[in-house]
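Heads up, the thing below is written out as structure tokens.
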Amino acid sequence: MTTILDTLPAVTEDQRRRLLAARRTSDAHRALLAGVPAMNALQQGGTAGQGALNREVTIAAWNVERCLFPEETAAHLSDVAPDVLLLSEVDHGMARTGQRHTTEEVARALGMGYAYGVEFFELDLGSPIEREFCTDDFNAFGWHGNAVLSRVPFDRLAMVRLDDHGHWFATDGEASPDPDQPRLGGRMAILAVVPTGAGPLCVVSTHLESASDADHRHMQMERLLDAIDVFAPGLPVVIGGDLNTGNHLPPDYDWRRETLFALAEAQGYDWGNTADGMTTRPSLITRFPDRQMKLDWFATRGVTGQAKGLVSSLDAAGKPLSDHDCVWCRVAL
């Protein structure tokens, strides 16, 4: 059972020193992860309306790349008007995003409730490019994670960690993707049940590993699907998020080589509620002029698709709010 809190307790300076001094092994990471309460809890906040969603539900999923622009991010979704919003890569108390609780600010602007979970506790300020955005030389909290936002109160919530070996921390197995920027934590998902006029619906915000191959993401998806069956047996399900499909699959980085698609289909999931087209673009942080991949998806079970689409992350002036476009779908229960 996941602990639900109003506020995530900060990592103390003493804990941070121990994290920095710890051996960079998977076993050490597991022990450290268990000892930081915020890594094993969800924060619930915001202001959701009362009652239930309609029988048709609009759901958006967006990797907002740290969420440099919370208010603009919320306003950018006005045409979609999602009932449920699944966010990835949202900062809380990071210098690169002005120490803001970016999920809380998006939820406030949209009039929604939220559940926020920590993917990583960042032990430093970020990449050299991210440091260009820093307003301080410290992080107030150092949280980076996922969120589910809803127009109605949640019935139930849970966090699922998709690995615990310290992919971005340990150096005793695979080489750490970024050994100069150790992070406590790993990829995770937030599971939520929301009421609708046709009964409860399970919605899931997730973010699979970028710095790994298809086998690793297959394992993460398998763990997620098993957890959903325990958390919401028999309920209709919408999973949305950045699945990092095709990453580290040279030479062509083709998402169609991922085995997680067949894995989910074998358990009754449908990928057809994802709009066609690539979902990434260059941004203020990710400055790759030729970057274009299909990373963002919906996997659905027990619902019928009504509409689907993409929202470009470029604002009216052409500024990229993220390196990912937003995917959305409307489903009927």
R183 charged N/C atom sitting above F169 aromatic ring, 6.0 Å / 45°: no
Would K319 pass as a cation-pi partner of F69, given that its NZ or CZ must be under 6.0 Å from the six-membered ring centre and within 45 degrees of the axis? yes
Check: H167 side chain, A211 main-chain N or O, donor-acceptor pair, under 3.5 Å: yes
Side-chain (D83) to main-chain (L53) donor-acceptor, under 3.5 angstrom: no
Donor-acceptor pair, T2 side chain versus A41 backbone, under 3.5 Å? no
Below 4.0 angstrom, N of the basic side chain to O of the carboxylate: do R30 and D27 qualify? yes
For H218 and T259, does a side-chain donor sit closer than 3.5 Å to a side-chain acceptor? yes
Under 3.5 Å, is there a donor-acceptor pair linking the side chains of D163 and H216? yes
Is there a donor-acceptor pair closer than 3.5 Å between any side-chain N or O of Y116 and the backbone N or O of G145? yes
Have S283 and E65 got a donor and an acceptor in their side chains that come within less than 3.5 Å? yes
So, does S205 use its side chain to make a donor-acceptor pair with the main chain of L86 at under 3.5 Å? no
Which residues share a ring-ring contact (aromatic ring centres under 6.0 Å, His included) with Y114, sequence neighbours left out: H101
Give me the ring orientation class for F141 and H92: parallel if the planes are under 30° apart, tilted from 30 to 60°, perpendicular past 60°. tilted
Salt-bridged, D91 to R96, with N to O below 4.0 Å? yes
Start with the C-alpha distance between L225 and I239, add both sets of side-chain angles, then the distance that settles side chain to side chain contact (heavy atoms under 4.5 Å, CB included), and finish with yes or no. CA-CA 10 Å; L225 298 180; I239 304 168; 3.7 Å; yes
Exercise: do T97 and R66 side chains pair donor with acceptor under 3.5 Å: no
Donor-acceptor under 3.5 Å (N139 side chain, A95 main chain): yes
Quick one, V84 with T58, criterion side chain to side chain contact (heavy atoms under 4.5 Å, CB included). Give me CA distance, side-chain angles, the key distance, then yes/no. CA-CA 7 Å; V84 173; T58 300; over 6 Å; no
According to ring-ring contact (aromatic ring centres under 6.0 Å, His included), who are the partners of F261, at least two apart in sequence or on a separate chain? W255, W271, W297
For the residue pair N244 / E209, report whether a side-chain donor-acceptor contact shorter than 3.5 Å exists. no
Any chance you could lay out the salt bridge (Lys or Arg N to Asp or Glu O under 4.0 Å) test for R257 and D252, step after step, and finish with the verdict? CA-CA 10 Å; R257 293 167 55 200; D252 53 0; 2.7 Å; yes
Could you check whether D172 and T25, counting side-chain N and O atoms only, form a donor-acceptor pair closer than 3.5 Å? no
Where do I285 and L68 land on the side chain to side chain contact (heavy atoms under 4.5 Å, CB included) test, with the steps shown first? CA-CA 10 Å; I285 292 176; L68 289 170; 3.9 Å; yes
Under a 4.0 Å threshold between the charged nitrogen and the carboxylate oxygen, would D229 count as salt-bridged to R301? yes
Which is it for Q99 and D136 under the side chain to side chain contact (heavy atoms under 4.5 Å, CB included) test, yes or no, and what are the steps along the way? CA-CA 8 Å; Q99 311 290 12; D136 296 302; 3.0 Å; yes
Under the 3.5 angstrom rule, does the side chain of S88 hit a backbone N or O of N63 as a donor-acceptor pair? no
Is there a donor in the side chain of D323 and an acceptor in the side chain of T280, or the other way round, less than 3.5 Å apart? no
Return all side-chain donor-acceptor pairs below 3.5 angstrom for residues 8-17, not counting sequence neighbours, or 'none' if the list is empty.
unit_1, atom_1, unit_2, atom_2, d
T12, OG1, Q15, N, 3.0
T12, OG1, Q15, OE1, 3.4
D14, OD2, R18, NH1, 2.3
Q15, OE1, T12, N, 2.9
R16, NH2, L123, O, 2.6

